[in-house]
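What follows is a single structure, written as structure tokens, with notes after it.
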Amino acid sequence: VKASLRRTLALRFAATMAVGLLLATGAFYWSASRALQESISPAALRGDLVLVLAAIVVAGTAATLMGAWHFTSSAVRPVAEITAQATGIEAGTLDQRLVAHADTEEYAGLVAVLNRMLERLERGFAAQRRLTADVSHELRTPLTALRGEIEVALRAPRSQREYEHVLRSGLEEIERLSELSEDLLLVTRAEARLLSLQRVATDVGDLVTDALATLRKQLEEREISVTRSFDRDPETVAVDPQLVRRMIDHLLENAMHHTPGGGTIGVELQPLHPAGVRVAVENTGPAIAAEHLPHLFEPFYRTDPARTRGGGPGLGLALVAAIAHLHGGVARVSSGSGRNTRFEVDLPTPHGN
Ligand SMILES: Nc1ncnc2c1ncn2[C@@H]1O[C@H](COP(=O)(O)OP(=O)(O)O)[C@@H](O)[C@H]1O
Ligand SMILES: [Mg+2]
């Protein structure tokens with residue numbers, strides 16, 4: 001058990017005072033009894049007493065000063081140590097931890113709190129660094145492809161058709177790049193809370209219907225059937241329709257991408273208590289390995305980093321989580337053998353709208 005700083009200081013101070021008072025009382029007793037024994041004249045006795053008392057005051061003050069100085073410096077020494085160590089920690093050395101001699105409860109608590117803060121900062125910085133590296137990587141790949149195609153096309157005269165082909169595939173790369181930068185902007189602005197929601201009364205069921213309509217052809221081609229279960233209460237909820245539509249698009253695209261041909265996608269809307277809506281999208285198909293589940297909503301996280309089966313850059317679910325957070329809600333995933341992969345997003349609404 002760590003000693004309490006307050007108790008230690010109080011006890012030491014009381015002990016010093018006790019010793020001082022004992023000495024003072026002793027000196028006083030000694031001089032008074034000597035004076036009585038030797039029957040000194042009252043005038044001489046008074047002079048002696050004044051001298052003894054003055055000596056006690058001077059010596060006592062000096063002793064108290066020294067004692068207090070010693071105690072307080074031992075009490076604040078860890079503060080100086082913590083300050084010196086904390087001063088040395090910068091963005092590049094966030095892996096350092098404070099190791100001050102914190103042998104009292106109060107300082108041990110302070111050091112622990114500061115170290116936990118450093119840990120959170122370190123994790124945040126690492127995530128930022130990873131994000132920057134991922135962004136650079138994602139930008140480089142399409143740019144390299146674009147450049148290669150243009151260089152090859154310029155090497156010799158080409159037919160109109162060939163130029164058209166190059167321009168078309170170039171345009172595709174550019175579209176992918178702008179989609180990437182838009183998604184990225186949304187994710188980072190949402191994380192930094194730079195985005196404000198435009199909540200309006202929205203029929204989320206309509207948003208799902210529209211989103212499914214744009215995917216109908218692809219769903220039919222792969223013979224994927226869709227089941228819907230919309231709880232019609234409440235009819236509309238105050239959410240940001242544009243963002244929620246993007247969220248639904250991403251969830252449905254993912255479900256479609258991972259459902260084997262002939263599989264099923266289920267979409268559910270449920271009222272949330274006390275107010276809001278829960279959007280759930282689930283699909284048949286192979287389960288997501290448990291080790292991936294905690295990371296799925298991180299930007300650029302993919303279960304298949306090589307992207308052997310196509311797929312996006314890994315921003316879709318980060319966007320879903322960001323949109324959920326903006327609404328004050330959460331996004332969850334569950335998956336396992338014998339179960340459908342299910343994504344659930346809670347979109348609560350304030351004031352019971
Ligand atoms: N319905 C799903 N079934 C299985 N895996 C999924 C599903 N939805 C997402 N995933 C996995 O989660 C990862 C992240 O998804 P996402 O953020 O949308 O990125 P992207 O679709 O761009 O790869 C993907 O790599 C994918 O493998
Ligand atoms: Mg996706």
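Whatever order the structure lists them in is the order used to number ligands and atoms, beginning at 1. In this chain, residues are counted from 1 in sequence order. The shown structure was predicted, so the numbers you read here are calculated from the model rather than taken from an experiment.
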Original post:
At under 4.0 Å between heavy atoms, which part of Tyr301 makes contact with ligand 1: side chain, backbone, both or neither?
Top reply: backbone

Subject >> Phe297 heavy atom under 4.0 Å from ligand 1 >> reply: no

**OP:** Mark up the atoms of ligand 1 that fall under 4.0 Å of a heavy atom belonging to Gly316, in ascending order.
**Re:** 16 (P), 17 (O), 18 (O)

**OP:** Say whether Met117 and Ile82 are linked into one hydrophobic cluster, either directly or through other cluster members, by side-chain heavy-atom distances under 4.5 angstrom.
**Re:** yes

Original post:
Got a sec: does the CD of Glu291 have more than 12 other heavy atoms crowding it under 6.0 Å?
Top reply: yes

**OP:** Mark up the atoms of ligand 1 that fall under 4.0 Å of a heavy atom belonging to Leu317, in ascending order.
**Re:** 9 (C), 12 (O), 14 (C), 15 (O), 16 (P), 17 (O), 18 (O)

Original post:
Given Arg228 and Thr209, is the side-chain hydrogen bond (donor to acceptor under 3.5 Å, both in side chains) satisfied, shown in steps?
Top reply: CA-CA 10 Å; Arg228 287 198 262 185; Thr209 308; 2.9 Å; yes

**OP:** Flag Asn254 as yes when one of its N or O atoms lies below 3.5 Å from any N or O atom of ligand 1, and as no otherwise.
**Re:** yes

Original post:
So do the side chains of Leu317 and Leu251 get within less than 4.5 Å of each other, counting heavy atoms only?
Top reply: yes

Original post:
Which ligand 1 atoms, with their elements, are less than 4.0 angstrom from a heavy-atom of Arg302?
Top reply: 23 (O), 25 (O)

Original post:
Is any side-chain heavy atom of Glu119 closer than 4.5 Å to a side-chain heavy atom of Arg97?
Top reply: yes

**OP:** Any chance you could measure Thr341, atom OG1, to His258, atom NE2, to the nearest 0.5 Å?
**Re:** 8.5 Å

**OP:** Check each atom of ligand 1 against the heavy atoms of Leu296 and keep those under 4.0 Å away; list them by number with element.
**Re:** 12 (O), 13 (C)

**OP:** Taking only Lys NZ, Arg NE, NH1 and NH2, and the carboxylate oxygens of Asp or Glu, determine whether Glu164 and Arg168 approach each other closer than 4.0 Å.
**Re:** yes

Subject >> Ligand-side contact atoms (ligand 1) for residue partner Gly314, heavy atom cut-off under 4.0 Å >> reply: 17 (O), 19 (O), 20 (P), 22 (O), 23 (O)

Original post:
What part of Asn283, side chain, backbone, both or neither, has a heavy atom within less than 4.0 angstrom of ligand 1?
Top reply: side chain

Original post:
Hey, are Glu81 and Arg77 close enough for a salt bridge, meaning a charged N less than 4.0 Å from a carboxylate O?
Top reply: no

Original post:
Can you list the atoms of ligand 1 that are under 4.0 Å from a heavy atom of Pro313?
Top reply: 22 (O)

Original post:
Which one holds for His258 and ligand 1: side chain close, backbone close, both close, or neither close, with close meaning a heavy atom under 4.0 Å?
Top reply: side chain

